[in-house]
Structure formats: C-alpha cells, structure tokens
Amino acid sequence: MRYLLKRLLTPQKIGQLELRNRIVMTAMHLNYTPDGMVNDRICAFYEERARGGTGMIIVGGCTINDISGADWLLNMRDDSAVEGHAILADTIKRHGAAAACQLYHAGRYSHSIAMGGRRALAPSAVPSRFTGGEEPREMTADDIEQTKHDYAAAARRVKEAGYDLVEVLACTGYLIPQFLSPTVNLRTDEYGGTLENRMRFGLEVADAIRGAVGPDFPLSFRIDGHDYMEGGNTNREWALFAAELEKHGVDVINVTGGWHETRVPQLPMSVPRAGLVYLAAGVKSQVGVPVIASNRINDVFVADEILRMGLADLVTMARALIADPYLAEKAYEGRYETITHCIGCNQGCFDHVFYLQPVTCTLNPRAGRELEYKTEAPAKVKRVAVVGGGPAGMKAAITAAERGHAVALFERSDVLGGQLNLAAIPPGREEFWTAVEDLDVQLDDAGVELFLETEATPELLISEGFDAVVVATGARQSVPPIPGIDGSNVVMAWDILEGKEDPEGENIVIIGGGAVGSETAMYVASIGTISADTLFYLFMNNGEDTETLKELCSRGTKKVTVVEMLEKVCRDVGVSTRWTILQDMRHLGIEVRRNAVAKRIEAGRVVIEVGGVEEVIPADTVIIAAGSCPAGELYDRLKERGMEVYLVGDAKQARKAIEAVQEGYEVGLSI
C-alpha cells in the first residue's frame, strides 16, 4: 500500500533560496540550440516543466569559453549570451520554479571536430577513449588561471541573466574530475600528486565564482560520488572533496556517479531504480549543506522514500520530467497513477544526444516539440477504431480520445502492450512493463472503449459504423528458408519469451543477433542463475565466497550461442544501451558467432558457414530470431472498401518503440 508523500513536495532551502518542493530537473544536453544560443524551442521545453510544478530547473551545461565544449552547447562564453538566458530564466521563474544554470568544461572530453579543430585542454596529456584517443594539451599555469577567470565571468553572467543559482559541472569525467583523478592527472606541480593538490583546481574555481557572484548567490557543484574507473576516486575521496567545497562557500552538492569511459552502467533500465543513491548518502554523511541524489529516480514514491530515509535532501528527476512534465502537479493532486514514468530506454534522450539529434521521449513524443504538437479539438468528432493494442495502437487511441473522438481499441489477445511485453522479459528490461501499465492507465483516463480477445474484421468495423480506423496490427516473425527449420527442435524467439515454448536441453543456438535474438539469449542464459534475494542471503551469511557468488549470478544451466550473419550484433539497439547489452551477454557467458550463416539445422546440431568453411555447433534447441515482417493486411482490405484508414507501427514497417509511439501519436493528432 502506498503512503501519501511526506517529504518530496515540501519546501527546501539552498542558502537563501527556497524551493517549492524537492524535485530538481538536472541539466541535460538537449541539442535544441545549433548555434549555442537560447531560442523559442528550448524556452518552450523548460516552460512546460516549470508549469508542471518542478521545484528547480537547471539548464545547461553551458560552455564558459571556446575550448570548453562544442559550439552547439548552450553558450555562456561572453556577454552576448546574457539576453537570451534572461528570457529563459524568466520563462522558468514565472511559473514558480527556481531557475539555475550549469557551467561546463569538458577538458579532455572535448573532441577537436566539435571545436573547429582546436585541441582540448586537460590537466595532463592523457588521451581519452571518449574522443577516440585524441591527446589533449597539458594546461599551463596561464591556462589554469584563464580557465578559473572564465568560470567566474560565466558565473557573473548567470547572475546577470536572472538565474537563482549557478552550478559547476564537476562530474562524469569532465575537467574538474580530471584534475581530481590520480589516473589522468600526472602533474608534478601544486595541482598534482596528493589528493589535497588534486582538489586545488576545483576549490579555486569555487573561490573564483564566489568572488564574482558575491556571498549570498547560491552555488552548486555537481560531483561524481564515485569514478567507477580503475584506480580512480571512490565515494570516500569524493565525500572529502565535497566537505572541502562546503568550506569554500558551496551551498549544495549534486551527486551522480561514473565517467563516460566507465564500464559501470548509470543510465539504462538495467540500473536499479535509485541504484546510485548510496553515493549521495556517503557524501551527505560528510557535509552540512543540502545534498541532491541522482540517477534512475523515476517514481515519486521512490523519490520520497530517499528523502524520508535521510539519504539526501533533494532528488533529480531529469529524464522523468522529459517523460512527464506534469509529474509534480499530478503528485500534488494525488493523481499518482496517471504519471508517465521514464523507463530508462534512452531511445529519445541519450541516443539522440550521441547522434546529435534533438532530445525527445519514447513515451512523450511531444517532448522537445511543444511548439509543433498541439492537442486541439477536431473539426468533426468521429467514431474511431484502433486495431492492435501495442505501443503504436495504444498511443494513437489515447491521443485521438484526448482530442475528443469516440475511440474503441480492439486487441485479439488478452493483454495489451504488444512487443513491449516481450522486450520486458530479459533480465534488466522489466521497465518496459512500466510503459505498458502507464499506457493502459492513459487509455482508461482518456475514455477509450477496450475490446480484448476480439478479432476486428472489416465486416465488424463496417457494421459498427466507424468513421476511421487505425491499423496497428504489428508484425509476425520471419521464418528464414533454412533446411531443417521445420524440425521438432526448432522454436521461435517470441514463443520462448511468451512462455509458449521452453528451451529444452543444455545447448541452445539462437539464429539472429539483433535486439530480439540478443535479448532472448540473455533470457535463456539467465535460466538457473540465482536471484538478487538469494545473492543477498548468501552474501550476508557468508554462504559462498565472492567468486562463487559472481559465478552463480552469471552462469545458468544453458550454454547459449548466438549466430549472426553480419559483423555487428544487437545493431538495432541505440548506442547508449547497446554496449550494456553486449557487456551483459559477455557476463552471462553467451558465445557470439559473427559473420556466420546458418546453412542447415539437423538433429542435435546446427551447421554454420564462416569464411567459406562449415562448422558444427551442438544444439538441443534452436531458436529463430530472424526479424519480423509487417502484418498490415487489414489496412489493404479496408482501403479497398473506401474507408478512412491509417497504418502505424510495425504493421507498416519494423521499428523501435520510440518510432512506433511517435507514429501513433501523430496519427492520433491528424484524425
């Protein structure tokens, strides 16, 4: 049973600034500003979140000089930026939210291509994997002094623009953490060597900013609670740095974790909800100023519990507020079940950041398009049938109903969600079920009439007098022409994930290494591994040593081999999630055969061809995950009868969830 929120919606002071609640939207690159200047698009995006009741919104990161980051990042390099930022700050503040601005210097994480060929600056000339091995130039004493001056000048502009707080980005492996790190700071002067010396640059930046903005203007540092880098700083060192920052006039510590180069995931849905809050708790134990907890906090009750337990004083909900800008307002009104949760899929946010595309959201296609998409009443109210209860169909039904149409949704199975239900089955992917639950609630809230276990034939739709039909009937599994594919040892991936078939025997071969094949492999390979509860029980009672526990978590009862005809496995998964899936596959001991063609399936084995040479792989069960093909025949049948009909989602073409939901949304707006 859920309790009423006790702390999340209460005021919180940062210095002399009082926030209306403890929900903070952290700074996030949005790719809305191609020239680095504030524009209508970014103002509309943040205005929606301020109007929705957020306590404080931090914009940025904003570059402080022409060597601190790419030109398309928000600019705070010179006085020409102040006018635009003044408009943005006022836009946020007029709706009751506090407005803050984050200052950014990437150090060795700046790529020369993004800075017009200029070479990055860093504490030492240590290359970074994040920039493809580019070697930065070691900062001279003059460079250090100039950089501190630029931080101070940018902070002055933040205050002049009317923001309520200035924040320094000192995490994620950017410039200040580079100085703090014993692995990339190899200096022998007063800025290198001991922890005290490595702290010096960050503390002097705090001093310079405090001198520029005066004694009372709130100052925040967003720090790593742990580098998660071999030989790097742990929570202990970062907590000590936070304590020193407090002595140097910092009013609030915003805690995240990890560098861009780390192999410890921080963002995808495989990270447990609030999984990095322990870092904020470690910092809070060493400081007296407020502490903000971050990462995968997507639920108001989880957020409230963090505060109630004293682990932090505020929480960041950046992606959660991209998914639902009215999260806080709904919480104030007690409409918790109507909140759209961020599911950590990263398809619209971090994938778009890395691809240099504008940020949006899988479950909220309007995010970033507030000026473009308007939910307006239709010129004529229609009876609309949506056929198919997957993400595209659900979103089309919700959107059309919210505009005022009378909408009925037909789903031939007994559950909604379509392929989201399959995507949720592999370990670490359960948040896809959260998306299904949220869309289901929205269907009910919008007044959509629901017909499960109902086949929507043309005759039914015509006889019921529907004015328009949205066909969202999804896809069917592709069956490749492999000799032996009709054998008794062959099953389809969807049937395994749905529990209709079981992977028999020890040796399992999966043909197809796309998203479905990779995720099916993880599901099968995890069979027989121990649960989190069992791990905790054994660890706390010294039941097994650490290495045995690791093996019990990662080795099940199945030996899984994935056969992929191309070089790249999991190619249809976004860049910010793909590496974590590949890492999980390695952890689970899944063997991947790339550039391998399945030639034939025989009893107890699969014959593959690699480089013109045939090989045999033992196979008790062969699972086919060779993609899908559209199942949109209903569209053609209705079109032939002259009906107003729309085709969306996988019924039109195989696509990711973000594309299916956006297409459903756009059709719902157009009817």
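Note that these values count all heavy atoms, side chains included, but never hydrogens, waters or copies made by symmetry.
Pairs engaging residues 512-526 under the salt bridge (Lys or Arg N to Asp or Glu O under 4.0 Å) rule: Arg429-Glu519 [sequence neighbours left out]. Identified under the ring pair (Phe, Tyr, Trp, His ring centres under 6.0 Å) test for residues 636-671, with sequence neighbours left out: Tyr373-Tyr665. Residue pairs meeting the salt bridge (Lys or Arg N to Asp or Glu O under 4.0 Å) criterion with at least one partner in residues 521-536, sequence neighbours excluded, are absent.
Arg593 and Thr561 share no side-chain donor-acceptor pair at under 3.5 Å. In summary, the side chains of Thr529 and Ser526 do not present any donor paired with an acceptor at a separation below 3.5 Å, with no hydrogens or angles considered. Checking Ser294 against Thr256 by side-chain atom types alone, no donor-acceptor pair falls below 3.5 Å. The closest side-chain donor-acceptor pair between Gln442 and Thr340 falls under 3.5 angstrom.
Remark: the backbone N or O of Lys382 is paired with a side-chain donor or acceptor of His405 at under 3.5 angstrom. Remark: side-chain polar atoms of Asp620 are paired, donor with acceptor, to backbone N or O of Glu506 under 3.5 angstrom. In this structure, Glu659 contributes its side chain and Lys656 its backbone to a donor-acceptor pair below 3.5 Å. Between the side chain of Asn21 and the backbone N or O of Leu8, no donor-acceptor pair lies under 3.5 Å. Listed for the Lys558 side chain is a donor-acceptor partner under 3.5 Å among the backbone atoms of Pro503.
Partners of Arg49 according to the salt bridge (charged side-chain N to carboxylate O under 4.0 Å, His left out) rule, which considers only residues two or more places apart in sequence or in another chain, are Glu370. Under the rule for a salt bridge (charged side-chain N to carboxylate O under 4.0 Å, His left out), the partners of Glu47 that lie at least two apart in sequence or sit in another chain are Arg51, Arg94.
For the pair Arg476 and Trp494, the cation does not sit on the ring face, since its NZ or CZ is not both under 6.0 Å from the ring centre and inside 45° of the axis.
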Between Asn298 and Arg319, is the side chain to side chain contact (heavy atoms under 4.5 Å, CB included) condition met? List the steps. CA-CA 8 Å; Asn298 69 340; Arg319 288 183 294 169; over 6 Å; no

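Note: Phe301 and Tyr336 have perpendicular aromatic rings, judged against thresholds of 30 and 60 degrees for the angle between ring planes.
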Tabulate below the donor-acceptor pairs under 3.5 Å that side-chain atoms of residues 459-469 make, not counting sequence neighbours, or state none.
| residue | atom | partner | partner atom | Å |
| --- | --- | --- | --- | --- |
| Glu459 | OE2 | Arg641 | NH2 | 3.0 |
| Ser463 | OG | Glu459 | O | 3.0 |
| Ser463 | OG | Leu460 | O | 2.9 |
| Asp467 | OD2 | Arg383 | N | 2.8 |

